[in-house]
> 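Got a structure here, written out as structure tokens. Questions coming.
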Amino acid sequence: MIENDTELLAFKEQLKNLQRDVDRMTTLHVDNLKMTLHHGSNTLRRREVVSMIVVTIAAVLVPLTIYYQHLSLLLCWFSFASLMLGLIWQIYYFYQLHFNNLLERPLISAQISLQRYRRLNRRMLLFGGIPFSLIWFTWYAYENVNASMQMIAERSYAYRAGYVIGIVAAMAIGGVIGGLLGYFMFYRPQMRLAEEMEHNIADLMSNNED
């Protein structure tokens with residue numbers, strides 16, 4: 001009987017130790033999740049601010065470049081207006097989604113904000129970024145070709161054709177490189193980070209429920 005009581009006490013002690021280990025590991029996991037979320041939130045906010053700064057600089061430099069190339073004022077204003085609309089949109093959803101205090105709100109609200117952020121970003125790319133880029137590059141190439149043709153009007157047809165092809169190819173390559181840089185340096189990392197934060201928040205909420 002005494003041996004049975006001793007074994008039972010030893011078993012209970014083992015269960016207590018095991019529970020303490022589980023609790024400690026759970027606490028450590030939760031702390032790591034919170035640290036990862038805060039780091040992700042700061043990184044996402046910083047990336048958004050950098051993106052807004054880049055768009056602001058582009059809204060100034062692109063129209064000035066077009067102006068000093070002696071292209072049309074309409075293209076200057078179109079470029080400026082489009083980039084400013086993009087900037088206003090970024091500022092709007094930055095504050096609308098509470099990026100300044102994302103994790104100071106309930107976790108479910110933060111998760112919904114991140115889901116909206118990803119959804120809005122996809123729509124902005126598909127219905128704003130890509131159409132604008134295609135229209136702008138087509139317009140810019142057309143005006144550049146027209147301006148160049150006036151300068152080489154007296155050259156042979158073959159020379160003019162080669163010159164036009166060279167201009168269009170150079171702008172197409174520049175556009176593709178610029179688009180890839182924007183996608184892989186801003187859009188894709190930010191979307192991936194937002195998705196990771198969503199998963200971390202879901203994991204944290206499940207741990208809190210337990």
Side-chain angles (χ1 to χ4, degrees), residues 25-63 77-140 174-210:
M25 290 178 65
T26 301
T27 302
L28 183 62
H29 180 58
V30 168
D31 289 343
N32 285 336
L33 280 175
K34 288 180 179 178
M35 189 181 302
T36 302
L37 277 171
H38 279 288
H39 176 72
S41 177
N42 290 335
T43 302
L44 190 62
R45 182 168 58 248
R46 187 168 57 249
R47 281 184 165 275
E48 282 297 316
V49 171
V50 170
S51 177
M52 286 188 280
I53 291 171
V54 169
V55 174
T56 303
I57 293 171
V60 175
L61 292 183
V62 171
W77 282 110
F78 173 77
S79 304
F80 177 75
S82 300
L83 289 167
M84 286 304 297
L85 282 174
L87 177 62
I88 291 168
W89 173 251
Q90 280 187 295
I91 294 171
Y92 167 76
Y93 75 64
F94 183 88
Y95 287 103
Q96 185 72 15
L97 301 181
H98 305 283
F99 276 172
N100 274 331
N101 58 347
L102 185 64
L103 299 180
E104 295 174 12
R105 297 154 60 238
L107 289 175
I108 186 65
S109 297
Q111 189 178 42
I112 291 171
S113 289
L114 289 167
Q115 290 170 351
R116 286 187 62 201
Y117 168 75
R118 293 175 61 218
R119 186 167 61 250
L120 290 172
N121 251 358
R122 279 195 295 267
R123 289 177 181 174
M124 184 63 179
L125 177 67
L126 291 175
F127 303 112
I130 292 176
F132 162 74
S133 298
L134 291 174
I135 293 170
W136 188 87
F137 274 104
T138 303
W139 192 349
Y140 183 70
V176 169
I177 292 173
L180 290 175
L181 286 174
Y183 181 82
F184 287 105
M185 288 182 67
F186 290 99
Y187 178 82
R188 188 176 178 184
Q190 286 162 217
M191 293 288 278
R192 182 177 293 174
L193 180 58
E195 186 176 11
E196 289 173 0
M197 289 178 66
E198 279 184 56
H199 294 321
N200 288 335
I201 288 173
D203 196 359
L204 189 57
M205 287 193 296
S206 67
N207 276 282
N208 288 342
E209 288 174 1
D210 296 339

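Only a predicted model underlies this, so the values are computations on that prediction, with no experimental measurement involved.
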> Less than 4.5 Å apart, any side-chain heavy atom of Ile108 and any of Gln111?
yes
> Describe, in one word, how the ring planes of Phe78 and Trp139 are oriented to each other, choosing from parallel (under 30°), tilted (30 to 60°) and perpendicular (over 60°).
tilted
> Measure the acute angle between the ring planes of Tyr140 and Trp136, then classify it against the limits of 30° and 60° as parallel, tilted or perpendicular.
parallel
> Any idea which heavy atoms bring Phe137 and Gly175 closest together, and the distance?
CZ-CA, 3.5 Å
> Is atom CZ of Arg123 surrounded by more than 12 heavy atoms (other residues, nucleotides or ligands) closer than 6.0 Å?
no
> Taking all non-hydrogen atoms of both residues, which atom of Tyr117 and which atom of Glu48 are closest, and how far apart?
OH-OE2, 2.6 Å
> Kindly determine whether Arg122 and Met191 satisfy side-chain contact (heavy atoms from CB on, under 4.5 Å), including the steps that lead there.
CA-CA 9 Å; Arg122 279 195 295 267; Met191 293 288 278; 3.5 Å; yes
> Under 3.5 Å, is there a donor-acceptor pair between the side chain of Ser41 and the main chain of Leu37?
no
> Show your reasoning for whether side-chain hydrogen bond (donor to acceptor under 3.5 Å, both in side chains) applies to Arg118 and Asn121.
CA-CA 5 Å; Arg118 293 175 61 218; Asn121 251 358; over 6 Å; no
> How far does CD1 of Ile91 sit from CD of Gln96, to the nearest 0.5 angstrom?
13.5 Å
> CE/Met197 to CG/Asn200 distance, rounded to the nearest 0.5 angstrom?
8.0 Å
> For the atom pair CD1 (Ile130) and OH (Tyr183), what is the distance rounded to the nearest 0.5 Å?
9.5 Å
> To the nearest 0.5 Å, what is the distance between CG (Asn42) and CZ (Arg47)?
13.0 Å
> Which atom names give the shortest non-hydrogen contact between Gln190 and Leu44, and what distance separates them?
O-CD1, 3.8 Å
> Rounded to the nearest 0.5 Å, how far does OG1 of Thr56 lie from CG of Leu61?
11.0 Å
> Taking all atoms of both residues into account, what is the closest heavy-atom pair of Leu97 and Ser113, and its distance?
O-OG, 3.5 Å
> Compare all side-chain heavy atoms of Glu196 with those of His199 and state whether any distance is below 4.5 angstrom.
no
> Looking at every heavy atom in both Ala59 and Met84, which two are closest together, and how far apart are they?
CB-SD, 4.0 Å
> Could you measure the distance from the CZ atom of Phe186 to the OG atom of Ser51? Nearest 0.5 Å is fine.
5.5 Å
> Determine the minimum heavy-atom distance between Pro131 and Leu126, stating which atoms define it.
CD-O, 3.3 Å
